[in-house]
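This report refers to the structure that appears directly beneath it.
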Amino acid sequence: MSGEWVSIENLKNYEGKDVEIRGWLANRRSSGKVVFLIVRDGTGFVQTTLSLGEYFDKESLKTWERLPLESALIVEGKVRREERAPGGYELEGRKVTLVSSSDEYPIQKKDHSVEFLMENRHLWIRSRRQNAVLRIRNQVMMSIHEFLQARGFTLIDPPILTPAACEGTTTLFALDYFDLGKAYLSQSGQLYMEAACMAFGKVYCLAPAFRAEKSKTRRHLTEFWMLEPEMAFYDWQDNMRLQEELVSFIVQEVLRKKRRELEILERDTAPLERIQPPFPRISYQEAIEILQRKGFPAQWGDDFGGDEESVISQEFDRPVFIHHYPAAIKAFYMEPDPENPDLVLNDDLIAPEGYGEIIGGSERIHDLTLLERRIAEHHLPREAFAWYLDLRRYGTCPHSGFGLGIERTVAWICGIHHIREAIPFPRQIYRIYP
RNA sequence: UCCUCGGUAGCUCAAUGGUGGAGCAUCCGGCUGUUAACCGGAGGGUUGCAGGUUCGAGUCCUGCCCGGGGAGCCA
């Protein structure tokens, strides 16, 4: 008599059938003789009706009417198309089994402050919107793997504990490593990917990165996830072509497979539909000119902040590449422009709608002498980079790669304001709980 | 690190230097289709902490603690 255990996202395939839903009580309403239980199971939400009559007497209705929110339960009933029900389908309940009653649930149906929600992040992820964001994140991750694997890339996992800075400038989280002194949480897997691309040709890592900078903006976390592909024999332009194809693929896949989540987030999908290659390309020099035309006091040699990035991105209807930055404001490993050694063969990709930089990429220095000079100029510890220099001794070749910030990309696609909602458990300067 | 805003009931917020309230949540009652349901009733407070000014401080002053927003830095 009891029906098949079905997930809510598949309910529409069971119209007229008896099924069982296992989940949690998301909300409830009652009207004396009818009790409405809104049940969620992680795949969706469905309204269950319990009516006075054959299956429920007045006593039992009273019990279910008072069931605390987030209680775990199993409901059995018949799937019915119902215009009045949110989602178009509802469950005509015949039996409810209480798995566990909940304590009074802290997150309620009305307003909450950011502070309160962040303090209860472990519960907040149950909510409809947060659930939608994290489902889209999952899709982004899967689409990245699908895209790169189909193009012959090999996933190579980088170490998280590292002996020294990849880029010298940024601050690292340090910890004691037995008798070997300090170790640091990785701020980038790039240098290891450069080693790996000389072994496998095309490689990528999708891993956490850590920055101990005291950044306090909606675009920063101390722990974030980064995709870092690295390709042997790719020049800086091959690199950009790969980036625009990847970003377009990710966005189109989310549009194709996560429509419902985008609706929950009330994301205007029109700007996303436009995300197709090729992306516009402007030089650093052109970017400076745009800013000056817009009245910004930008000088050649300045780096761009969030406001500047927004102004530049507003000129275009899709992500825009900015290439050929001054070498002085970029990392030590970037290949100089052969026509002007003050510039490097790099690119930043700025997302539309003010979401800022989502990719930083470049061709890498492959000449041993030049790289040694750069390491010295940046006062980096030569011993720590011995293995990295080896890559330029044994069959060195031009190669390129980039880093894509997962949370910034997810936040942009979802249209959410702050990237802390784009990761399940954000780590920020003033928050490490829960 | 700097700038800025804030901390009052479980939550979101009110309260001219003069008896700390409301909505939601909780508990009790009502309602035959609710849509953040609705209607009636009840309980619920060391106003972040420590000093100070004052006849009197949630309110003014000083310090500290904890958060929010932003800058720099970066993905």
Side-chain angles (χ1 to χ4, degrees), chain A residues 26-38 45 47-53 56 58 61-62 65-66 68-70 80 82-88 90 92 102-120 123 127-128 166-171 187-190 206-228 243 302-309 329-331 348-351 355-361 402-412 417-420 422-423 428-431 433:
Chain A
N27 196 6
R28 55 174 157 66
R29 295 178 280 271
S30 80
S31 184
K33 304 296 190 294
V34 189
V35 175
F36 302 91
L37 303 181
I38 311 299
F45 293 72
Q47 172 168 286
T48 301
T49 59
L50 312 182
S51 305
L52 189 63
F56 299 94
K58 196 163 185 180
L61 278 191
K62 206 78 202 170
E65 182 184 350
R66 291 174 182 178
L69 296 186
E70 288 301 312
R80 197 172 63 186
E82 172 55 67
E83 287 303 316
R84 291 171 292 185
E90 71 176 17
E92 196 180 290
S102 174
D103 283 359
E104 186 182 338
Y105 191 58
I107 297 183
Q108 299 176 357
K109 289 174 282 184
K110 297 203 177 183
D111 308 326
H112 287 295
S113 62
V114 170
E115 180 185 355
F116 180 80
L117 290 170
M118 292 308 300
E119 197 72 12
N120 289 282
L123 304 175
S127 74
R128 209 181 292 253
C166 291
E167 303 183 15
T169 56
T170 46
T171 326
Q187 59 181 302
S188 163
Q190 181 198 316
L206 187 44
F210 305 87
R211 305 278 164 93
E213 292 155 351
K214 295 191 172 178
S215 299
K216 197 176 176 310
T217 83
R218 67 169 179 271
R219 304 187 310 281
H220 289 87
L221 298 169
T222 58
E223 177 180 324
F224 65 99
W225 285 68
M226 193 156 55
L227 166 70
E228 293 178 284
Q243 292 165 40
D302 292 346
D303 208 346
F304 305 132
D307 291 347
E308 285 86 354
E309 288 174 351
I329 58 172
K330 285 294 175 182
D348 281 0
L349 183 66
I350 312 298
Y355 282 90
E357 182 184 346
I358 55 172
I359 284 181
F402 63 93
L404 177 145
I406 298 297
E407 289 77 17
R408 287 185 182 179
T409 303
V410 171
W412 161 49
H417 180 252
H418 200 302
I419 67 167
R420 66 184 158 213
I423 187 170
Q428 296 178 273
I429 162 169
Y430 292 125
R431 181 171 295 285
Y433 177 92

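The basis for the numbers below is simple: all heavy atoms, side chains too, and nothing from hydrogens, waters or symmetry mates. Every chain is numbered from 1 and lettered A, B, ... according to where its sequence line falls, protein lines coming before strand lines.
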Handout entry: Check: B:U34 base within 3.5 Å donor-acceptor of A:Q47 side chain
Key = yes

Exercise for the section: With the side chain of A:N27 defined as its heavy atoms from C-beta on, choose the nearest nucleotide among B:C24, B:A36, B:G69. Expected result: B:A36

Practice task
Name the nucleic acid region contacted by A:E119, choosing base, sugar-phosphate or nothing; use a 4.0 angstrom heavy-atom cut-off, strictly under.
Solution key: nothing

Exercise for the section: For A:L221, answer base if it contacts any base atom (sugar-phosphate contacts may also be present), sugar-phosphate if it contacts only those atoms, and nothing otherwise; contact means non-hydrogen atoms under 4.0 Å. Expected result: base

Handout entry: Quiz item: A:E115 side-chain donor-acceptor pair to B:G7 base, under 3.5 Å
Key = no

Handout entry: Separation between the P atoms of B:C31 and B:U47, rounded to whole Å
Key = 42 Å

Handout entry: Which nucleotide in B:C28, B:G69, B:C74 has an atom nearest any side-chain atom of A:R66
Key = B:C28

Exercise for the section: Look at all strands and tell whether A:D348 reaches a base, only sugar-phosphate, or nothing, counting heavy atoms closer than 4.0 Å. Expected result: nothing

Exercise for the section: Classify the side chain of A:S215 versus the base of B:C73 as yes if they form a donor-acceptor pair under 3.5 Å and no if they do not. Expected result: yes

Exercise for the section: Kindly point out which of B:G69, B:G72, B:G10 is positioned nearest to the side chain of A:K214? Expected result: B:G72

Exercise for the section: Ignoring the backbone of A:Y430, work out which of B:C73, B:C31, B:G68 is nearest its side chain. Expected result: B:G68

Handout entry: From A:L206, A:I359, A:T409, residue fulfilling side chain to side chain contact (heavy atoms under 4.5 Å, CB included) relative to A:L227
Key = A:L206

Practice task
Please determine if a side-chain N or O atom of A:R218 lies less than 4.0 Å away from the OP1 or OP2 oxygen of B:A75.
Solution key: no

Fill in the blank from the handout: Taking a pair to mean Watson-Crick or G-U wobble geometry with both distances below 3.5 Å, B:C38 pairs with B:G30

Completion exercise
Winner on side-chain proximity to A:F224, out of B:A75, B:C11, B:G33, is B:A75

Problem - Exercise: identify the closest heavy-atom pair between A:A422 and A:E407 - result: CB-O, 3.5 Å

Practice task
Taking atom P in both B:G18 and B:C61, compute the distance separating them and give it to the nearest angstrom.
Solution key: 15 Å

Exercise for the section: State, with a plain yes or no, whether a side-chain heavy atom of A:E70 is found less than 4.5 Å away from one of A:E104. Expected result: no

Fill in the blank from the handout: Residue pair A:W225/A:H417 against RNA chain B: nearer the 5' end by closest nucleotide is A:H417

Fill in the blank from the handout: Paired to B:U1 by Watson-Crick or G-U wobble criteria (both distances under 3.5 Å) is B:A71

Exercise for the section: For A:S113 and A:F116, indicate whether the former's side chain and the latter's backbone hold a donor-acceptor pair under 3.5 Å. Expected result: yes

Handout entry: Minimal non-hydrogen separation, A:Q187 against A:R211, with atom names
Key = O-NH2, 2.8 Å

Practice task
Compare every heavy atom of A:A26 with every heavy atom of A:F45, then report the nearest pair and how far apart it is.
Solution key: CE2-CB, 3.7 Å

Problem - Rounded distance in Å - CD (A:E65) to P (B:A25) - result: 13 Å

Practice task
Taking atom P in both B:A75 and B:G69, compute the distance separating them and give it to the nearest angstrom.
Solution key: 22 Å

Problem - B:G21 to B:A9 separation - P atoms, rounded to the nearest Å - result: 14 Å

Exercise for the section: Mind calculating the distance between CG (A:L69) and C1' (B:A25) to the nearest angstrom? Expected result: 9 Å

Problem - Spacing of A:I423 atom CD1 relative to B:A75 atom C1', expressed in whole Å - result: 12 Å

Practice task
Searching all strands shown, indicate the nucleotide that pairs with B:G51 (Watson-Crick or G-U wobble; both distances under 3.5 Å).
Solution key: B:C61

Problem - Nucleotide B:C73, atom C1' - distance to CG of A:D302 in whole Å - result: 14 Å

Exercise for the section: State the NZ-CG distance between A:K330 and A:D348, to the nearest 0.5 angstrom. Expected result: 4.0 Å

Problem - A:I429 CD1 - B:C73 C1' separation (whole Å) - result: 12 Å

Practice task
Using a 4.0 Å heavy-atom cut-off across all strands, classify A:R128 as base, sugar-phosphate, or nothing.
Solution key: nothing

Handout entry: Under 3.5 Å donor-acceptor pair, A:E90 side-chain atoms to B:G33 base atoms
Key = yes

Practice task
Scan A:T409 against the nucleic acid and name what it touches under 4.0 Å (heavy atoms): base, sugar-phosphate only, or nothing.
Solution key: nothing

Exercise for the section: Look through every strand shown and name the nucleotide pairing with B:U46 as Watson-Crick or G-U wobble, where both distances are under 3.5 Å. Expected result: none

Exercise for the section: Return yes if some donor-acceptor pair links the side-chain N/O of A:E82 with the main-chain N/O of A:R84 below 3.5 Å, else return no. Expected result: yes

Exercise for the section: Let me know the distance between CG of A:L52 and C1' of B:U34, rounded to the nearest Å. Expected result: 16 Å

Practice task
Tell me which nucleotide among B:G33, B:U12, B:A71 gets nearest to the side chain of A:S113.
Solution key: B:U12

Practice task
Look at the side chain of A:M226 and decide which nucleotide, out of B:G33, B:A75, B:U12, has an atom nearest to it.
Solution key: B:A75

Problem - Minimum-distance nucleotide (side-chain atoms of A:R408 versus B:C74, B:G33, B:G69) - result: B:C74

Handout entry: B:G58 and B:G7, which share atom name C1', separated by this distance in whole Å
Key = 11 Å

Exercise for the section: Spell out yes or no: do the side chain of A:K216 and the base of B:G72 have one donor N/O and one acceptor N/O closer than 3.5 Å? Expected result: no

Handout entry: Whole-Å P distance, B:G10 and B:G44
Key = 12 Å

Problem - Whole-angstrom distance between B:C60 and B:G45, as gauged at atom P - result: 25 Å

Practice task
Quickly work out the A:L50 CG to B:U34 P distance and round it to whole Å.
Solution key: 16 Å

Practice task
With RNA chain B as reference, determine whether A:S30 or A:I358 sits nearer its 5' end, using the nearest nucleotide of each.
Solution key: A:S30

Exercise for the section: Please report, rounded to the nearest Å, how far the P atom of B:A75 is from the CZ atom of A:R219. Expected result: 12 Å

Problem - Nearest-neighbour nucleotide for the A:R84 side chain, B:A75, B:G10, B:U34 considered - result: B:U34

Problem - B:G6: pairing nucleotide in any strand, Watson-Crick or G-U under 3.5 angstrom - result: B:C66

Exercise for the section: Return no unless some side-chain N or O of A:S31 is found under 4.0 Å from OP1 or OP2 of B:G33. Expected result: yes

Problem - pair A:L117-A:R420: side-chain heavy atoms closer than 4.5 Å - result: no

Fill in the blank from the handout: Which of B:C74, B:G70, B:U12 is nearest the side chain of A:H220? It is B:C74

Problem - Phosphate OP1/OP2 of B:G30 contacted by A:K62 side-chain N/O (<4.0 Å) - result: yes

Handout entry: A:R66 CZ to A:L61 CG distance, which is reported to the nearest 0.5 Å
Key = 11.5 Å

Practice task
For A:E357, report the nucleic acid contact type (base, sugar-phosphate, nothing); a contact means any heavy atom under 4.0 Å.
Solution key: sugar-phosphate

Fill in the blank from the handout: For B:C13, the nucleotide meeting Watson-Crick or G-U wobble distances (both under 3.5 Å) is B:G21

Exercise for the section: Write down the distance separating the P atoms in B:G23 and B:U4, rounded off to the nearest Å. Expected result: 38 Å

